[in-house]
Amino acid sequence: MNFPSDRVGQIPPYLFAEINKKKAEMIKSGIDIIDLGIGDPDLPTPKHIIEKLAEEAQIPKNLKYPSFVGCSEFKQAVADFYLRQFGVELDPETEVLALIGSKEGIAHIVPTLIDPGDYVLIPDPSYPVYRMATLLANGQYYNMPLTKENHFQPDFEDIPKEILKCSKLMFLNYPGNPTAATVDLPFFKEAIDFARKHLIPIAHDSAYNMVTFDSYKAPSILQVEGAKEIAVEFGSLSKTYSMTGFRIGYVVGNREIIKALSILKSNTDTGQFTPIQKAAAFALNSDQSCVAEYNRIYKDRMTAMLNGLQSIGIEVEPPKGSFFIWAPVPNRYTSAEFVTSVLEQTGVIITPGTAFGPSGEGYFRVSLSVASDRLNAAVNRIKEKVKIAIN
Ligand SMILES: Cc1ncc(COP(=O)(O)O)c(C=O)c1O
């Protein structure tokens with residue numbers, strides 16, 4: 001066979017395959033599985049957003065090919081959101097681009113900025129798309145380890161000089177998936193100083209920027225003076241408004257990078273369905289009480305799960321953002337062993353840290369995006385049934 005291409009052929013096998021096989025077997029034998037592996041919000045898309053989508057879908061001109069770069073209402077709504085939330089001014093025409101979900105833009109920014117053989121600096125562990133998009137662009141990646149000791153923030157000075165010379169892009173992601181780590185503005189300043197010194201563009205993935213708890217407010221990297229010279233920021237409506245299936249996101253910041261990305265996009269896709277863009281603009285412009293309510297629900301689930309983990313001896317600092325818990329596996333287990341043991345003892349699926357990069361070894365991720373009654377059932381099973389091997 002002459003297919004697939006070498007590019008596709010090098011993509012590693014699906015890391016969840018083993019767990020999915022076990023899950024299927026257990027369901028077949030009648031076991032009630034609670035899946036805390038997925039990161040797809042269970043909470044409904046607020047009604048006013050769905051109603052707006054339905055209304056806009058009745059207008060014939062909205063059903064034509066959409067604009068490549070996004071409709072002006074959506075881009076203006078993103079610019080207004082940035083001014084309101086972060087005090088950052090954006091020109092909606094040149095500094096905002098609509099995306100078919102932020103994943104699409106994250107995947108496309110890589111071939112926009114790198115040539116075959118170039119390096120991309122990637123947090124480890126992180127959202128697997130950064131790594132896979134780099135492989136698909138025939139690039140190479142350098143893993144920047146995120147550890148408890150470095151507060152899940154890369155040590156920029158540890159990156160070897162010879163790698164820096166060939167690096168054309170750095171990804172960052174806060175609040176982080178899977179680490180749930182958050183940062184304050186001084187970290188972004190340090191990152192921008194480093195990027196400007198070494199002329200390496202930064203793509204900050206802020207998919208969870210509005211999923212935050214208590215008084216914590218996630219900063220935008222564009223709040224750093226001069227950030228627009230070297231950085232772009234990806235954002236998404238998926239998590240904030242439970243709109244994962246809508247497929248709508250955006251990228252903002254450096255206008256040259258955005259222009260280059262729009263050239264690549266205009267030759268590969270045709271923009272998101274206009275009624276979806278208009279519904280997304282409406283979501284951003286409307287009353288935000290749904291966001292506060294959803295965050296309260298995630299926080300309650302987080303507290304319940306942290307409590308369950310504590311009862312089996314696993315201690316985690318309460319995260320300030322995202323709907324994930326990133327927790328250390330007990331001594332003497334690998335990530336895969338612990339996840340398998342929890343599944344066998346309780347029927348609860350959690351994700352091994354190694355699914356997100358080699359530095360994920362020793363950790364597991366719990367997603368809180370399942371209905372609260374199921375989440376509480378999982379907590380009870382963990383409390384009652386998980387026995388940790390001691391030798
Ligand atoms: C860190 C991170 N970035 C980006 C995305 C992509 O989100 P979307 O394409 O729905 O905007 C996800 C989705 O899970 C994510 O976890």
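Just so you know, ligand 1 is whichever comes first in the structure, and atom 1 is the first atom listed for that ligand. Nothing here was measured: the structure is a model prediction, and the numbers come from that model. Numbers here simply count residues along the sequence, with the first being 1. What's counted below: heavy atoms across the whole structure, side chains too, no hydrogens, waters or symmetry copies.
When only modelled atom types and interatomic distance are considered, D40 and T244 share a side-chain donor-acceptor pair under 3.5 Å. With hydrogens and angles left out, the side-chain atoms of Q76 and D80 include a donor and acceptor closer than 3.5 Å. Residues Y241 and Q288 bring a donor and an acceptor atom of their side chains to less than 3.5 Å of each other. One side chain, E361 or S335, offers a donor N or O that lies under 3.5 Å from an acceptor on the other. For the residue pair S341 and Q345, a side-chain donor N or O sits within less than 3.5 Å of a side-chain acceptor on the partner.
Between F188 and H204, a ring centre-to-centre spacing shorter than 6.0 Å is recorded.
Of all protein heavy atoms, the one lying nearest to atom 11 (O) of ligand 1 is S236 OG, 2.6 Å. The shortest contact between atom 7 (O) of ligand 1 and any protein heavy atom is with S102 OG, 3.4 Å. Nearest protein heavy-atom contact of atom 14 (O) of ligand 1 is K239 NZ, 2.8 Å.
For ligand 1, the polar-atom distance check against D205 finds a nitrogen or oxygen pair separated by under 3.5 Å. When only interatomic distances are considered, the shortest N/O to N/O separation between N173 and ligand 1 does not fall below 3.5 Å. Any N or O atom pair closer than 3.5 Å counts here, and K103 shares at least one such pair with ligand 1.
Less than 4.0 angstrom separates some heavy atom of G101 from each of these atoms of ligand 1: 9 (O), 11 (O). If you number the atoms of ligand 1 from 1 as listed, the ones under 4.0 Å from a heavy atom of A207 come out as 2 (C), 3 (N), 4 (C). Short contacts between ligand 1 and Y208, defined as distances under 4.0 Å to a heavy atom of the residue, involve ligand atoms 1 (C), 2 (C), 14 (O), 15 (C), 16 (O). When each atom of ligand 1 is checked for a heavy atom of S238 under 4.0 Å away, the hits are 8 (P), 10 (O), 11 (O).
Evaluated for a salt bridge (charged side-chain N to carboxylate O under 4.0 Å, His left out) with D42, the options R301, K239, R374 yield exactly one hit, R301.
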Side chain to side chain contact (heavy atoms under 4.5 Å, CB included) assessment of D32 paired with R381
CA-CA 11 Å; D32 175 34; R381 287 189 204 175; 2.7 Å; yes
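With a 4.0 Å cut-off on non-hydrogen atoms, R247 touches ligand 1 through its side chain and not its backbone.
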